[in-house]
Amino acid sequence: MKLNAELLKKLVTAYGPASNEEIIRDIIINEVKNHVDEYKVDSLGNLIAHKKGNGKKIMISAHMDQIGLMVTDIDKDGFIRFGNIGGISPSISLSQKVLFENGTVGAIFSEPVDDLSKLKLENMYIDIGARNKEEAEEKVNIGDICIYYSSFIDNEHVVFTSYLDDRVGCYVAIEALKNLSKTDNDLYFVFSVQEEVGLRGAKTAAYSIDPDFGIAIDVTAHGDTPKAKRFAIGLHKGTAIKVKDNSIITHPTVRNNLVELAKKHEIKYQMEVLEFGGTDSGAIHTTKEGVPSGVISIPTRYVHSTVEMASKDDIIESVRLLKAYLEENK
Amino acid sequence: MFLKNLTEKSGVSGNEKEVRDYIIYEIKDYVDDIYTDRIGNLIVFKKGKNKANKRIMVTAHMDEVGLMIKEIDSAGLLKFIPVGGIDPRVLVSKTVEVGKDKIVGVIGAKPIHLQKKNEWSKVLGIDELYIDIGAKDKEDAEKKINIGDYVSFLTKYEEIGNEMIKAKALDNRVGCSILMDLLKSHSPLDFYGVFTVMEEVGLIGAGPATFKVEPDLAIILEGTVCYEMPDLESHLTPTKVGEGPAISLADRTTVYDRKLRDKVVEIAKDSKIKWQYRKTSMGGNDSGKIHTTKSGCSTVTLSVPTRYIHSPVSVISKEDYDSTYKLLNAILPEIDKGEK
């Protein structure tokens with residue numbers, strides 16, 4: 001299996017911050033529609049693609065949304081103030097370029113500050129090069145959300161770009177679906193909304209699907225860079241099977257099943273014990289009467305920055321593991 | 001407008017009966033179905049001139065922030081805990097009502113004469129405050145007070161200045177009053193009205209109510225944070241009095257549905273009703289629970305800018321109240337159009 005860099009690039013560079021997922025959703029619909037029996041978009045905007053079967057009902061969730069910056073004010077000189085949609089870091093944002101849905105590009109900078117460690121979003125602004133408020137308002141309105149301007153770079157080993165979180169998860173789900181051999185399982189591929197603001201899309205999708213098992217596909221952190229906090233996850237060490245994070249302790253049945261399948265198919269894997277964070281499985285596993293759930297994670301350096309980096313081999317191993325799970329979980 | 005009666009009643013989170021009973025008394029003859037659910041939400045159905053295409057729910061929470069008695073000391077002074085988000089700096093020397101019998105008390109603290117110099121610059125914590133009901137001793141206090149009694153601020157409703165209203169608990173009796181106005185009027189179409197409980201302690205009532213009603217679309221009415229000092233920069237000013245209902249963009253519990261929000265803004269512009277965006281992303285409201293219940297629904301929040309919320313006295317403008325009611329009326333038939 002080779003990495004389809006073209007598809008991954010298309011996914012990470014598409015616009016789709018939490019609550020504004022239309023564009024990325026249309027791209028994904030195009031990728032999956034010929035591989036499923038039906039699909040629908042629910043009231044929060046989740047894309048639910050259904051591949052029918054008589055076996056176990058499995059919900060696969062990868063979130064489409066990404067972190068972004070929401071416009072709250074435009075001053076008389078055309079400078080734009082903003083708040084965060086999801087986990088936006090002031091220091092990472094300083095001097096980044098941003099992209100609005102209509103293609104407008106801007107630069108983030110801050111008022112003069114003596115101590116950069118005390119930088120706050122409320123002291124920062126976006127400059128789109130407008131000469132006054134009226135000019136700015138022709139392109140940008142209060143309530144608009146912009147994202148980091150993304151550039152996709154890859155070499156023989158890694159990809160790095162903004163928004164691997166969680167477009168790489170969408171990639172893994174799409175590739176697993178496309179490469180799926182015949183299976184009896186009843187598969188619901190959910191491309192969820194609003195994960196970055198609190199796992200909101202997965203919650204409503206899981207309620208309407210009512211699955212037997214849940215699997216989230218998302219990025220995880222790393223512990224393999226200079227003086228990094230101790231964490232037994234690194235790049236090029238395989239896909240990661242989650243044991244826990246702040247939103248879930250994965251169900252032993254699902255976790256053990258994933259481990260056994262990885263061994264059986266000689267898929268390189270590592271076990272993930274994350275002491276923070278959460279992903280869609282956190283919302284899925286407490287739905288209705290409870291849903292045994294697990295997570296396949298893609299080890300990723302520098303999450304929520306503009307240079308999120310992952311190993312091509314790890315991504316491929318993640319696709320292989322998900323494919324095996326969907327085909328063989330009985 | 002029912003604000004005098006609504007704000008002078010006591011309805012601290014979990015103890016909304018007095019407010020609910022009053023609302024029932026006022027609206028029961030104007031609605032087609034009315035009941036109180038198992039955790040205390042008041043749910044009503046109102047038939048309008050036209051049948052609705054969508055199931056629309058309009059909500060306002062009945063509860064207010066307040067205090068609860070946790071201990072009676074040997075001198076008969078009452079120790080308390082906060083219920084909901086209360087800034088301890090606003091408590092000292094305020095008059096309160098305690099328990100069902102509305103025993104009047106005063107929140108006391110060490111007088112300034114006895115404070116050491118370094119105590120002057122410190123805020124007294126809730127542990128250092130107490131409620132004095134004029135009891136002789138513990139035994140005397142125990143005749144009137146039980147541990148667990150609710151405490152609400154004693155504030156008279158008054159109209160002040162240039163068409164402004166001063167009262168306690170405007171967050172969110174203002175939402176309740178607007179919803180009651182709508183229920184008493186000839187509604188253009190069918191809708192559910194829901195008065196929720198325990199919003200201030202974690203959006204508790206809204207989830208079960210939404211689970212029952214299963215709306216396609218919900219409008220949340222609120223009294224929201226307002227602060228507008230002249231030296232405050234525009235982007236740090238959450239809402240302004242006199243500028244009309246604040247339409248929420250995003251808060252800690254919801255990123256609001258953009259299409260619905262844009263539609264509401266468009267209607268406000270077309271109808272020449274004053275409106276503003278709520279600029280801060282702090283805080284949250286029942287929408288957080290409503291839009292993620294069951295399979296989810298779209299929500300929009302309209303708030304009356306309310307100065308000094310979560311304190312013993314808050315201030316709103318009558319004009320904002322009227323604008324909010326007008327906008328609510330204008331959007332109801334419009335948001336019913338189109339796909340569910």
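Letters A, B, ... are given to chains in the order of the sequence lines, protein chains preceding strands, and every chain is numbered from 1.
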Step-by-step side chain to side chain contact (heavy atoms under 4.5 Å, CB included) determination, V255(B) to R200(A): CA-CA 10 Å; V255(B) 184; R200(A) 292 175 191 158; 4.0 Å; yes
Within residues 117-138 of chain A or reaching into it, pairs that qualify as side chain to side chain donor-acceptor pair (under 3.5 Å) - sequence neighbours excluded: E111(A)-N123(A), D115(A)-S117(A), R131(A)-E135(A)
Between E22(A) and chain B, which part of the residue has a heavy atom less than 4.5 Å away: side chain, backbone, both or neither? side chain
Below 4.5 Å from any heavy atom of chain B, which atoms of I85(A) appear? Answer side chain, backbone, both or neither. side chain
About how many Å separate [atom2] of [Y] and [atom1] of [X], when rounded to the nearest 0.5 Å?
{"X": "R261(B)", "Y": "S19(A)", "atom1": "CZ", "atom2": "OG", "value": "7.5 Å"}
{"X": "L44(A)", "Y": "T292(B)", "atom1": "CG", "atom2": "OG1", "value": "7.5 Å"}
{"X": "S234(B)", "Y": "R81(A)", "atom1": "OG", "atom2": "CZ", "value": "9.5 Å"}

For atom [atom1] of [X], is the number of surrounding heavy atoms from other residues, nucleotides or ligands below 6.0 Å larger than 12?
{"X": "F45(B)", "atom1": "CZ", "result": "yes"}
{"X": "K212(B)", "atom1": "NZ", "result": "no"}
{"X": "K263(B)", "atom1": "NZ", "result": "yes"}
{"X": "F211(B)", "atom1": "CZ", "result": "no"}
{"X": "K294(B)", "atom1": "NZ", "result": "yes"}
{"X": "K259(B)", "atom1": "NZ", "result": "no"}

Which atom of D73(A) lies closest to which atom of K279(B), heavy atoms considered: OD1-NZ, 2.7 Å
Looking only at heavy atoms, the pair that brings M70(A) and L249(B) closest together is SD-CB, 3.6 Å
Highest number of heavy-atom pairs under 4.5 Å with chain B among I142(A), V71(A), D42(A) belongs to I142(A)
Should the pair E101(A)-R258(B) be classified as a salt bridge under the 4.0 Å nitrogen-to-oxygen rule? yes
At a heavy-atom separation under 4.5 Å, does R252(B) approach chain A through its side chain, its backbone, both, or neither? backbone
Counting heavy-atom pairs under 4.5 Å with chain A, the top scorer among D262(B), T237(B), T254(B) is T254(B)
Checked L236(B), I247(B), L217(B), T253(B) vs chain A; the most non-hydrogen pairs under 4.5 Å come from T253(B)
Look only at the side chain of S208(A) and the backbone of S295(B), and say whether a donor-acceptor pair between them is shorter than 3.5 Å. no
Who passes salt bridge (Lys or Arg N to Asp or Glu O under 4.0 Å) against K337(B), sequence neighbours left out? E334(B)
